[in-house]
Amino acid sequence: MIGAATRDTIELDSAPPQHRPGGTPLYAARALRFAGADPIAIETGSLHSLISHGPGGTDQQILTLPDPVTPERARDALVPALRGCAWVLLGGQTAGDFPPETIAVLVAAGHRLCLDGQGLSRGSRIGPVRMGAIEQHAVAGVAALKLNSSEHSAAGSPEVPELLVTRAERGATLFWEGRRHDLEGDGQRFDDPTGAGDSFAALYCLARSEGRSPPQAARFALDAVQRLYARLHSGRPTA
């Protein structure tokens, strides 16, 4: 997993705000350890955000922007660190985190990339998150793209081999080889869903690296995320 570390202020319904670290490397690594895997998590920068979860959904504000991961940094630092990783999850927080030239370096090194499209949908700006279209050149070479339902509605029609759309407690949808696969969730809303999308994407990559088909991998990821967050909310250890 590669992405910026975040310093998040999290508001849950009417509870007092919580201040804690976050970002794709943190949440994805936790999910992989829960599944018994040995993650490689690389933090590429930092970002501060405000996240509000409520019955109506999630609102977010970006308060600072991370520096982009340049092609030179990818070639000189990331590729050696990722040696042996068949699949790599890119956890972009903004549209500028992973430029197309950087993605091309990682693809040329032989990695299959799963890109969390939340950053591409947000753009590169400070302030309240507003979803927008995702341009095709931004996902060139990507094997899988993960979006939530709001991001998917705004994204337009980016074409990737494997498109994953998470739908919170309602489950997830996979678009693959011209077919739509709907996977039902357990209907249980997470008290604190922060990082659930990162966890789903990481577990999908794990299952794909183990040779499971995209539908099998999506089902595995969804079931594992539901078990992980049920355990987190119960207060029991996750590993």
Side-chain angles (χ1 to χ4, degrees), residues 1-6 23-29 32 39-47 62 65-125 129 131-148 151-152 154-166 174-177 197-209 214 217-218 221:
M1 299 80 60
I2 307 172
T6 63
T24 296
L26 185 151
Y27 292 116
L32 291 179
I40 295 177
I42 302 173
E43 295 180 352
T44 57
S46 63
L47 172 143
I62 301 298
L65 296 176
D67 291 331
V69 179
T70 64
E72 294 76 18
R73 182 180 180 188
R75 182 179 57 251
D76 297 340
L78 299 185
V79 169
L82 294 168
R83 188 170 293 114
C85 295
W87 278 77
V88 175
L89 171 60
L90 303 182
Q93 297 289 329
T94 74
D97 291 16
F98 296 102
E101 298 81 6
T102 298
I103 291 175
V105 169
L106 296 173
V107 171
H111 301 294
R112 301 192 72 182
L113 304 183
C114 177
L115 175 62
D116 190 328
Q118 63 179 1
L120 294 179
S121 181
R122 294 170 179 171
S124 294
R125 54 183 174 270
V129 167
M131 304 302 176
I134 295 176
E135 297 183 4
Q136 183 64 36
H137 78 276
V139 297
V142 169
L145 177 66
K146 197 281 295 180
L147 303 168
N148 66 28
E151 294 158 356
H152 183 234
S157 303
E159 295 183 7
V160 293
E162 302 163 29
L163 174 61
L164 300 149
V165 181
T166 55
L174 166 70
F175 298 90
W176 175 59
E177 293 190 341
D198 301 313
S199 301
F200 176 90
L203 292 162
Y204 180 84
C205 289
L206 174 63
R208 292 290 285 124
S209 70

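Since the structure is predicted, the reported quantities are computational estimates derived from the model, not experimental observations.
- In this structure, OG on Ser209 lies 11.5 Å from OH on Tyr204, to the nearest 0.5 angstrom.
- Closest non-hydrogen pair, Leu106 versus Ala74, comes out as CD2-CB, 4.4 Å.
- Residues Pro68 and Asp97 are not in side-chain contact: their nearest non-hydrogen atoms beyond the backbone lie 4.5 Å or more apart.
- No side-chain heavy atom of Trp176 sits under 4.5 Å from any side-chain heavy atom of Pro161.
- His111 places a side-chain N or O within donor-acceptor distance of the main-chain N or O of Cys85, the cut-off being under 3.5 Å.
- Put simply, the side chain of Leu147 does not reach to within 4.5 Å of the side chain of Leu120, judged on heavy atoms.
- Atom CG of Leu65 is separated from atom CD of Gln93 by 11.0 Å, given to the nearest 0.5 angstrom.
- Closest approach of Phe98 to Ile2, counting heavy atoms only: CZ-O, 3.6 Å.
- Side-chain contact between Phe175 and Val165 is present, with at least one heavy-atom pair separated by less than 4.5 Å.
- Glu162 and Arg208 are joined by a salt bridge, as a carboxylate oxygen and a charged side-chain nitrogen come within less than 4.0 angstrom of each other.
- In this structure, CZ on Arg83 lies 12.5 Å from CG on Leu78, to the nearest 0.5 angstrom.
- Here the OG1-CG distance, from Thr166 to Leu174, works out to 12.5 Å after rounding to the nearest 0.5 Å.
- More than 12 heavy atoms of other residues, nucleotides or ligands shown are found within 6.0 angstrom of CG on Asp76.
- A 4.5 Å side-chain heavy-atom check between Ile62 and Arg122 finds at least one atom pair inside the cut-off.
- Arg112 CZ to Leu89 CG: the interatomic distance, rounded to the nearest 0.5 Å, is 14.5 Å.
- Remark: side-chain polar atoms of Thr102 are paired, donor with acceptor, to backbone N or O of Val69 under 3.5 angstrom.
- The nearest pair of heavy atoms linking His152 to Leu163 is NE2-CD2, 4.0 Å.
- A pairwise comparison of heavy atoms in Ile103 and Leu115 identifies CD1-CD2, 4.5 Å as the closest pair.
- Electrostatic pairing of Arg75 and Glu101 does not count as a salt bridge here, judged by no charged N lying under 4.0 Å from a carboxylate O.
- Judged by distance alone, with hydrogens and angles left aside, the side-chain atoms of Thr6 form no donor-acceptor pair with the main-chain N or O of Leu47 at under 3.5 Å.
- Taking all atoms of both residues into account, the shortest heavy-atom contact from Leu164 to Ala218 is CD2-CB, 4.1 Å.
- Around CD of Glu135, the count of heavy atoms belonging to other residues, nucleotides or ligands within 6.0 Å does not exceed 12.
- Counting heavy atoms from C-beta outward, Val139 and Glu159 have side chains that stay 4.5 Å or more apart.
- Closest of all the heavy-atom pairs between Ile134 and Gly117 is CD1-O, 4.0 Å.
- Within the model, atoms CG of Leu145 and OG of Ser121 stand 10.0 Å from one another, a figure rounded to the nearest 0.5 Å.
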